[in-house]
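What follows is one structure encoded as structure tokens, with my remarks underneath.
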Amino acid sequence: MIELQTEGSEDWWEVEALLDLCFAPGREALSSYRLREGVAPVAELCLLAREAGEVAGAIRYWPVRVGQAPALLLGPVAVHPTHQGEGLGGYLILESLARARALGWPRVLLVGDAPYYGRFGFRRLDGVEMPPPTNPERVLGLALEAGAWDAIRGPVEAQA
Ligand SMILES: CC(C)(COP(=O)(O)OP(=O)(O)OC[C@H]1O[C@@H](n2cnc3c(N)ncnc32)[C@H](O)[C@@H]1OP(=O)(O)O)[C@@H](O)C(=O)NCCC(=O)NCCS
């Protein structure tokens with residue numbers, strides 16, 4: 001049975017090991033990591049799924065800004081290869097987005113595959129620029145409040 005919990009500081013290295021397993025080496029060179037350096041993640045939204053004590057999947061979020069507008073940066077999200085395709089990734093994404101909405105976050109963005117994230121309502125964000133090098137086609141957003149991305153343009157910056 002899958003058990004969901006928020007990630008605690010004691011879970012950090014287990015989640016890092018899962019990310020190392022699921023992503024190509026050098027993941028920390030990705031531009032999204034520039035926005036995470038020295039910034040605490042949004043603890044209430046970093047979720048961990050365990051089965052029989054072992055980490056099966058995890059999702060983390062960081063706070064960012066686009067101009068003066070606050071936003072959540074979704075990711076990384078990863079599911080252990082033995083659990084992929086069982087719906088766990090979708091569950092982690094939908095559950096954390098519901099919590100984000102309940103906490104009053106207006107908007108979310110990520111860098112990822114549109115065919116996967118499109119099923120959760122994410123769409124390409126025109127004019128919102130992640131630090132280079134990022135393929136603009138992969139910069140996707142979701143409004144948690146109606147119209148929350150309307151008229152929001154510019155570079156994504158780390159939370160001060
Ligand atoms: C992406 C990931 C988190 C999805 O988790 P998961 O638990 O396997 O996903 P789910 O079971 O909820 O959904 C599986 C569906 O998503 C599809 N899918 C998974 N990754 C996809 C991708 N990159 N692009 C398009 N579709 C994708 C699967 O084909 C499957 O489709 P189906 O429902 O039509 O059969 C997981 O595969 C993973 O950890 N991958 C490696 C790390 C990674 O790429 N993270 C995302 C960074 S953008």
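Just the heavy atoms: all of them, side chains too, but no hydrogens, waters or symmetry mates, feed the values below. Counting starts at 1 for both ligands and their atoms, following the listed order.
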Exercise for review: Taking the side chain as every heavy atom from C-beta outward, state whether Gln5 and Arg50 have any pair of such atoms under 4.5 Å apart.
Suggested key: yes

Check your understanding: His80 near ligand 1, heavy-atom distance under 4.0 Å?
Key -> no

Does any N or O atom in [X] lie less than 3.5 angstrom from one in ligand 1, N or O only?
X: Val77; result: yes
X: Gly90; result: yes
X: Gly87; result: yes
X: Gly85; result: yes

Point to revise | ring pair (Phe, Tyr, Trp, His ring centres under 6.0 Å) against Phe120, all qualifying residues, sequence neighbours excluded | key: Tyr116

Review point. Is Arg36 salt-bridged to Glu28, going by a charged N under 4.0 Å from an acidic O?
Key: no

**Study point:** Cationic N near anionic O, under 4.0 Å, Arg124 to Glu137
**Key:** yes

Check your understanding: Among Tyr117, Phe23, Phe120, whose heavy atom sits nearest atom 42 (C) of ligand 1?
Key -> Phe23

Study note, to complete from the structure: Checking heavy-atom distances from atom 17 (C) of ligand 1 to each of Arg119, Glu86, His83, the winner is Arg119

**Study point:** Contacts of Thr82 that satisfy side chain to side chain donor-acceptor pair (under 3.5 Å) - sequence neighbours left out
**Key:** His80

Got a protein heavy atom sitting under 4.0 Å from [atom]?
atom: atom 19 (C) of ligand 1; result: yes
atom: atom 23 (N) of ligand 1; result: yes
atom: atom 29 (O) of ligand 1; result: no
atom: atom 2 (C) of ligand 1; result: no

